[in-house]
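To find a chain, count down the sequence lines: A is the first, B the second, and so on, and within it residues start at 1.
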Amino acid sequence: MPELPEVETVRRGLHRLIIGRVVKAADSDNPKSFPNAKHDVEAFLIGATVSNVRRRAKVLMIDLSTDYTLVIHLKMTGQLVFVGEQRFGAGHPNDSLINHLPDKSTRVSLTFTDDTKLFFNDQRKFGWMRLMPTVEVPNIDFMKKVGPEPLEADFTPSEFAARFKRRAGTSIKAALLDQSVVAGVGNIYADESLWGAKIHPKRLVRDIKPREFALLYTDLRAVMNLAIDKGGSSNQTYINAEGEKGRYMDFARVFRREGQECPRCGTVIIKFKAAGRGTHICPHCQKL
DNA sequence: CACTTGACCTGTCCGC
DNA sequence: TGCGGACAGGTCAAGT
């Protein structure tokens with residue numbers, strides 16, 4: 001699923017819903033989804049109070065009163081869904097998304113002392129949840145190499161352009177997807193921002209002009225901020241912490257719009273493979 | 001080092 | 001209706 005805007009949407013929901021709740025039980029059916037030793041879970045998760053919910057790149061961190069943290073990566077199909085005091089009534093839009101939980105994709109279930117629950121669902125099992133000391137989180141390999149947060153106020157256009165230097169020989173799309181260049185960009189917002197900046201995804205980084213980097217910086221931030229505002233993109237499986245879909249796909253300009261007209265010039269949008277991923281462009285606006 | 005490709009999984013959709 | 005293959009919001013460990 002989830003790129004920065006989707007993970008941020010989940011974070012905001014969890015921040016509102018689970019802080020202060022106390023963990024009573026933790027169950028998992030899949031060691032790869034939750035590879036923690038039982039004695040650690042019993043010592044540092046059971047009985048712990050949720051103190052904060054943070055995000056770095058596409059990684060979520062649920063901080064606990066025990067100075068341990070649940071670190072979570074949703075990868076392609078992960079969901080974190082809170083089921084509260086009352087479930088939705090039959091006929092409610094979220095009814096079918098939440099009321100059946102847990103289901104066959106549930107990898108981890110947390111139960112709080114008030115009997116509310118947090119489910120980690122993940123159809124493809126790529127995602128994971130790990131319990132570790134809070135001070136150790138910055139030392140995991142991913143955190144050490146991940147690039148800056150693109151939406152931070154102090155992230156400048158010149159820093160953005162400079163981060164690409166190391167990837168001069170690859171395509172701009174591959175570089176955008178590289179989490180060590182800039183944090184949080186995935187396939188949807190790579191395509192959307194490259195369309196905004198009128199850059200063909202297969203162009204080499206070394207051939208991108210400073211003026212084009214400036215446009216890409218501006219559009220990437222605009223697209224991600226809009227996506228957060230719309231609650232993310234629900235292309236297939238993504239839902240937020242309350243089981244709701246995001247609405248950014250209603251605003252998408254090229255992603256998954258092959259065969260439809262470019263909203264800027266009317267040329268038919270095409271799809272092909274770039275950087276190993278399905279890629280969408282306007283062939284008139286984005287020339288190689 | 002920098003770059004590309006396959007692997008990790010399950011489910012769905014599309015063409016025959 | 002069945003079956004094979006391609007494909008799906010992401011990283012990694014390998015290979016060159």
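Checking Glu8(A), Glu6(A), Glu3(A) one by one against Arg55(A), the salt bridge (charged side-chain N to carboxylate O under 4.0 Å, His left out) holds for a single residue, Glu8(A). Checked options Asp29(A), Asn30(A), Asn121(A); the residue passing with Thr106(A) is Asn121(A) (criterion: side-chain hydrogen bond (donor to acceptor under 3.5 Å, both in side chains)).
Within 4.0 Å of Arg256(A), counting heavy atoms only, lie sugar-phosphate atoms of the nucleic acid but no base atom. In this structure, Asn235(A) reaches the bases: a heavy-atom distance under 4.0 Å links it to at least one base atom across the strands shown. Within 4.0 Å of Tyr189(A), counting heavy atoms only, lies no atom of the nucleic acid at all. Residue Thr170(A) is in sugar-phosphate contact alone, with no base atom involved, counting any heavy-atom pair closer than 4.0 Å across all strands shown. Counting any heavy atom pair closer than 4.0 Å across all strands shown, Gly232(A) reaches no nucleic acid atom.
One can place NZ of Lys173(A) at 17 Å from C1' of dC3(B), the figure rounded to the nearest angstrom. Rounding to whole angstrom units, CZ of residue Phe120(A) and C1' of dC9(B) are separated by 13 Å. Rounded to an integer number of Å, the gap from Asp178(A) CG to dC3(B) P is 9 Å. Summarising the geometry, the separation between CG on Asn121(A) and C1' on dG11(B) is reported as 14 Å, rounded to the nearest angstrom. Ile172(A) has its CD1 atom 16 Å from the C1' atom of dA2(B), to the nearest Å. When the C1' atom of dT11(C) is taken as reference, atom NZ of Lys125(A) falls 18 Å away, rounded to whole Å. Rounded to an integer number of Å, the gap from Leu204(A) CG to dT4(B) P is 9 Å. At whole-Å resolution of the value, CG in Asp122(A) and C1' in dT11(C) are 13 Å apart.
Taking 4.0 angstrom as the limit, Lys165(A) places none of its side-chain polar atoms (N or O) nearer than this to OP1 or OP2 of dA2(B). Regarding contacts with the backbone of dA8(C), a side-chain N or O of Lys271(A) is found under 4.0 angstrom from either OP1 or OP2. Between Lys104(A) and the phosphate of dG11(B), there is a side-chain N or O to OP1/OP2 separation shorter than 4.0 Å. Of the side-chain N and O atoms in Arg167(A), one or more sit less than 4.0 angstrom from OP1 or OP2 of dC3(B). Side-chain nitrogen and oxygen atoms of Lys32(A) include at least one within less than 4.0 Å of the OP1 or OP2 phosphate oxygen of dC9(B). Distances shown here put every side-chain N or O of Lys75(A) at or beyond 4.0 Å from the OP1 or OP2 atom of dC8(B). Of the side-chain N and O atoms in Gln179(A), none sit less than 4.0 angstrom from OP1 or OP2 of dG10(C). In this model, the phosphate group of dT11(C) is approached by a side-chain N or O of His73(A) to a distance below 4.0 Å at OP1 or OP2.
Rounded to whole Å, the P atom of dC3(C) lies 24 Å from the corresponding atom of dC9(B).
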**OP:** Begin with the C-alpha distance, continue with both residues' side-chain angles, and end with the deciding distance and a verdict on salt bridge (Lys or Arg N to Asp or Glu O under 4.0 Å) for Asp63(A) and Arg54(A).
**Re:** CA-CA 8 Å; Asp63(A) 292 327; Arg54(A) 297 179 289 140; 2.7 Å; yes
Subject >> Arg130(A) and Glu136(A): CA distance, side-chain angles, deciding distance, salt bridge (Lys or Arg N to Asp or Glu O under 4.0 Å) verdict >> reply: CA-CA 12 Å; Arg130(A) 277 177 61 194; Glu136(A) 293 294 329; over 6 Å; no
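Classified by interplanar angle (parallel below 30°, tilted 30° to 60°, perpendicular above 60°), the ring pair Phe213(A)/Phe164(A) is tilted. Ring-plane geometry between Phe112(A) and Phe82(A) is classed as tilted, the angle between the planes lying from 30 to 60 degrees on a 0 to 90 degree scale.
Summary of the strand contacts: Arg124(A) and Gly169(A) both lie near DNA chain B, and taking for each the nucleotide with the nearest heavy atom, the more 5' one is attributed to Gly169(A). Mapped onto DNA chain C by nearest heavy atom, Asp141(A) and Gly276(A) fall at different nucleotides, with Gly276(A) at the one closer to the 5' end.
A donor-acceptor pair under 3.5 Å is formed between the side chain of Glu149(A) and the backbone N or O of Ala57(A). Side chain of Arg167(A) to backbone of Arg206(A): no donor-acceptor contact under 3.5 angstrom is found. The main-chain N or O of Lys287(A) is never found under 3.5 Å from a side-chain atom of Lys198(A) such that the two would form a donor-acceptor pair.
Here Phe126(A) lies parallel enough and close enough to stack on the base of dC8(B), with planes under 30° and ring centres under 5.5 Å apart.
For DNA chain C, each stem of at least three Watson-Crick or G-U pairs (distances under 3.5 Å) is given as range with range: B:2-8 with C:10-16, B:10-16 with C:2-8.
When distances run from any side-chain atom of Lys273(A) to the nucleotides dC9(B), dC7(C), dG11(B), the shortest one goes to dC7(C).
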